[in-house]
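Below, all heavy atoms of this structure are taken into account, side chains as well, without hydrogens, waters or symmetry copies. Numbers here are sequence positions counted from 1. All values reported here derive from a predicted model rather than from experimental measurement.
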Amino acid sequence: MPTLTPVIVFGLIATGASARLDEGVAPKFSIGDTVEMKNINPVTHTCLPRYVRGKKGIVERDRGVFAFPDTAAHGQGHKAQYVNSTKFSFRELWGEDHAENMFLFIDMFDDYMRLAT
């Protein structure tokens with residue numbers, strides 16, 4: 001995948017281009033796994049939100065294989081990997097003053113997660 005430049009971004013948006021890939025990559029996680037988001041702070045691009053770093057969630061749904069934006073954005077290849085819809089409780093993210101039944105679902109790349117201990 002080539003590095004995105006301002007010249008090609010308009011065309012990608014106009015045509016609805018997708019980063020979905022048809023590659024035989026093995027998933028690192030299964031539905032129902034409790035995972036912990038890595039606490040990384042790269043100086044370059046990442047799609048890992050700060051408010052989930054170091055937090056635990058549950059893999060709820062497999063979204064398929066996509067190009068990893070952290071490498072693709074810098075011309076380092078698409079590094080195909082799974083994206084999983086991951087469920088986080090509001091309490092885990094923002095504290096005990098939130099209701100037990102409040103959740104946020106975020107699509108997370110495999111490289112952002114590890115199995116929780």
Cluster link [X] to [Y], ILVMFWY, side chain under 4.5 Å:
X: Leu48; Y: Trp94; result: yes
X: Phe90; Y: Phe88; result: yes
X: Phe29; Y: Val52; result: yes

Report, one line per pair, each donor and acceptor closer than 3.5 Å where one atom sits in a side chain of residues 30-40; sequence neighbours left out.
residue	atom	partner	partner atom	Å
Asp33	OD2	Ser30	N	2.8
Lys38	NZ	Asp111	O	3.1

>> How close do Cys47 and Asp70 get, counting heavy atoms only, and between which atoms?
In response: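 That would be N-OD1, 3.3 Å.
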
Salt bridge (Lys or Arg N to Asp or Glu O under 4.0 Å): which pairs involve residues 45-67, sequence neighbours left out?
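For residues 45-67, and leaving out neighbouring residues, the salt bridge (Lys or Arg N to Asp or Glu O under 4.0 Å) pairs sorted by first residue read Arg63-Asp107.
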
Pair listing, salt bridge (Lys or Arg N to Asp or Glu O under 4.0 Å) test, anchored in residues 96-106, at least two apart:
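Output for this query lists Arg91-Glu96, Arg91-Glu100.
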
Quiz prompt | Partner residues of Ala99 under the side-chain contact (heavy atoms from CB on, under 4.5 Å) criterion, sequence neighbours left out | solution =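 Checked Ala99 against side-chain contact (heavy atoms from CB on, under 4.5 Å); matches are Asn101, Met102.
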
Contacts of Phe109 that satisfy side-chain contact (heavy atoms from CB on, under 4.5 Å) - sequence neighbours left out: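 Phe109 satisfies side-chain contact (heavy atoms from CB on, under 4.5 Å) with Phe66, Phe68, Pro69, Gln81, Val83, Tyr112 only.
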
Mind checking whether Leu104 and Leu93 have side chains closer than 4.5 Å, heavy atoms only?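 Yes. Closest side-chain heavy atoms under 4.5 Å.
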
*Heavy-atom side-chain proximity of Asp110 to Asn84 below 4.5 angstrom*: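 With C-beta onward as the side chain, the pair touches.
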
Practice problem: Not counting sequence neighbours, which residues clear side chain to side chain donor-acceptor pair (under 3.5 Å) with Glu92? List them please. | Solution: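 Glu92 satisfies side chain to side chain donor-acceptor pair (under 3.5 Å) with no residue once adjacent residues are dropped.
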
Audit row: Val59, Met108, side chain to side chain contact (heavy atoms under 4.5 Å, CB included) steps and yes/no: CA-CA 9 Å; Val59 174; Met108 305 300 297; over 6 Å; no

| task | Under the side chain to side chain contact (heavy atoms under 4.5 Å, CB included) rule, what do Ile106 and Thr86 come out as? Steps first, then yes or no, please. | result | CA-CA 5 Å; Ile106 305 175; Thr86 307; 5.6 Å; no

Can you measure from NE2 (His78) to OG1 (Thr71) and round to the nearest 0.5 angstrom?
->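 It is 8.5 Å, given to the nearest 0.5 Å.
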
Which residues pass the ring-ring contact (aromatic ring centres under 6.0 Å, His included) test with Phe105, not counting sequence neighbours?
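Expected list: none.
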
